[in-house]
Amino acid sequence: MRVVVTGGSGFVGQRLCEKLLSNGHLVQVVSRHPRKASGKLPDECDIRDSALGFIDTPPDAIINLAGEPIAAKRWSEAQKAKLVQSRIKATHQLVTLCEQLQANGQPVPKVMISGSAMGYYGDQGSRMVTEETPPHDEFAHQLCVKWEAAAKPVEALGVRLAILRTGLVLDAGGGALQKMLPPFKLGLGGRFGSGEQYMPWIHREDLVDAIVFLLEKEGLNGAFNGSAPHPATNAEFSKTLAKRLNRPAIFPVPAVVLKAGLGEMSRLLLTGADMRPARLIEAGFEFQYPTLDKALAEILKRD
């Protein structure tokens with residue numbers, strides 16, 4: 001298939017593009033900075049600065065991963081608006097591509113895999129969360145609702161739409177783990193707040209495989225939780241990471257310190273959801289790294 005990817009030069013996107021090419025697909029990447037993106041991606045990728053740039057070579061599928069990093073800056077009102085608009089703008093452009101293809105009498109893509117996040121569910125405490133769990137209304141939920149809604153119009157065009165609500169993506173060289181490793185390697189790591197909040201996570205290889213699974217397996221639509229089947233609390237995550245590094249984890253960060261330093265964004269660290277990939281498992285997807293200990297063992301041997 002010819003596959004358009006947004007966010008292709010990101011932490012997940014780079015590995016995804018490699019995987020798609022190895023599976024025999026043709027990869028078209030949308031990037032605001034094509035020259036910069038070309039330095040991160042395989043030479044076989046066709047990189048253009050707009051999704052509409054591919055109207056002359058209609059894609060068979062779309063994978064939408066674009067969006068401003070949610071934890072890059074403190075959540076001012078302006079930054080929250082930027083987080084929303086970056087996702088909606090990229091998604092709207094893909095919808096417009098599909099609409100213009102149909103208007104031109106060209107075939108529309110068969111499938112669109114569009115990103116979302118665990119934040120859709122908001123703070124769920126210790127309740128087990130599946131795709132059917134009612135969300136808790138807060139900013140992260142509102143962001144994801146708008147992001148998901150922006151992709152919905154493609155369904156009216158006959159495009160199969162799968163939404164992937166992703167947990168923390170773990171691998172060497174980037175993502176959440178890159179920020180956590182330095183203090184833990186120094187023996188200065190510890191839980192955040194009470195440590196009782198759940199941290200849905202997924203190994204990057206499993207996430208990429210899940211995206212390809214949704215892409216290639218017909219009939220799968222709607223929302224899917226993109227996280228490992230065994231989420232961990234923050235305290236369990238800290239303990240497992242420290243154990244794998246042969247370091248103690250005895251320096252907790254009090255909730256009051258995180259709230260003072262990060263404001264509303266501290267909710268990313270102090271709240272969570274016991275999110276389970278019920279629909280992926282039901283569809284037959286198999287995880288290479290179902291447990292945190294196995295995932296960290298594989299990652300840290302390469303770090």
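Everything quoted here is computed from the prediction, not taken from an experiment.
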I would like to know whether Ile163 and Trp147 meet side chain to side chain contact (heavy atoms under 4.5 Å, CB included); could you show each step before the answer?
CA-CA 10 Å; Ile163 302 289; Trp147 192 6; over 6 Å; no
When you measure from the side chain of [X] to the backbone N and O of [Y], does any donor-acceptor pair fall under 3.5 Å?
{"X": "Arg165", "Y": "Phe224", "result": "no"}
{"X": "Glu298", "Y": "Asp171", "result": "no"}
{"X": "Arg87", "Y": "Ala66", "result": "no"}
{"X": "Ser116", "Y": "Glu148", "result": "no"}
{"X": "Gln102", "Y": "Pro107", "result": "no"}
{"X": "Ser86", "Y": "Gly67", "result": "no"}
{"X": "Asp206", "Y": "Phe287", "result": "no"}
{"X": "Arg127", "Y": "Gly125", "result": "no"}
{"X": "His141", "Y": "Gly122", "result": "no"}

For a quick check under 3.5 Å, do Glu196 and Asn234 share a side-chain donor-acceptor pair by atom type?
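Asn234 and Glu196 do not have a side-chain donor-acceptor pair below 3.5 Å.
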Let me confirm one number: the CG-CD1 distance from Leu161 to Ile62, rounded to the nearest 0.5 Å.
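Leu161 CG to Ile62 CD1: 10.0 Å, rounded to 0.5 Å.
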Salt bridge flag under 4.0 Å for residues [X] and [Y]:
{"X": "Lys80", "Y": "Glu264", "answer": "yes"}
{"X": "Glu155", "Y": "Lys152", "answer": "yes"}
{"X": "Arg48", "Y": "Asp46", "answer": "yes"}

So, using side chain to side chain donor-acceptor pair (under 3.5 Å) as the criterion, who are the partners of [X] when residues are at least two apart?
{"X": "Asn225", "value": "Tyr121"}
{"X": "Arg279", "value": "none"}
{"X": "His25", "value": "Glu216"}

Side-chain hydrophobic cluster, 4.5 Å single linkage: members besides Met128:
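Joined to Met128, directly or through intermediates: none.
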Taking the hydrophobic residues Ile, Leu, Val, Met, Phe, Trp and Tyr, and joining any pair whose side-chain heavy atoms are under 4.5 Å apart, which ones share a cluster with Val253?
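Under the 4.5 Å side-chain rule, Val253 groups with Ile70, Trp75, Leu83, Val84, Ile88, Phe139, Leu143, Phe192, Val256, Val257, Leu258, Leu262, Met265, Leu268, Leu269, Leu270.
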Can you name the one residue among Ile63, Leu20, Thr166 that meets side-chain contact (heavy atoms from CB on, under 4.5 Å) with Ile211?
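Answer to the side-chain contact (heavy atoms from CB on, under 4.5 Å) test with Ile211 among Ile63, Leu20, Thr166: Ile63.
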With sequence neighbours excluded, what pairs up with [X] under the salt bridge (Lys or Arg N to Asp or Glu O under 4.0 Å) test?
{"X": "Lys110", "value": "Asp60"}
{"X": "Asp293", "value": "Arg244"}
{"X": "Asp137", "value": "none"}
{"X": "Glu18", "value": "Arg15"}

What pairs of residues pass the side chain to side chain donor-acceptor pair (under 3.5 Å) test when at least one of them lies in residues 26-44, not counting sequence neighbours?
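Checked against side chain to side chain donor-acceptor pair (under 3.5 Å) - neighbours excluded - the pairs reaching residues 26-44 are Gln28-Thr57.
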Would you please name every residue forming a side chain to side chain contact (heavy atoms under 4.5 Å, CB included) with Ala295, sequence neighbours left out?
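Here the qualifying residues are Trp201, His203, Tyr289.
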Under the rule for ring-ring contact (aromatic ring centres under 6.0 Å, His included), what residues qualify as partners of His230, not counting sequence neighbours?
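Applying ring-ring contact (aromatic ring centres under 6.0 Å, His included) to His230 gives none.
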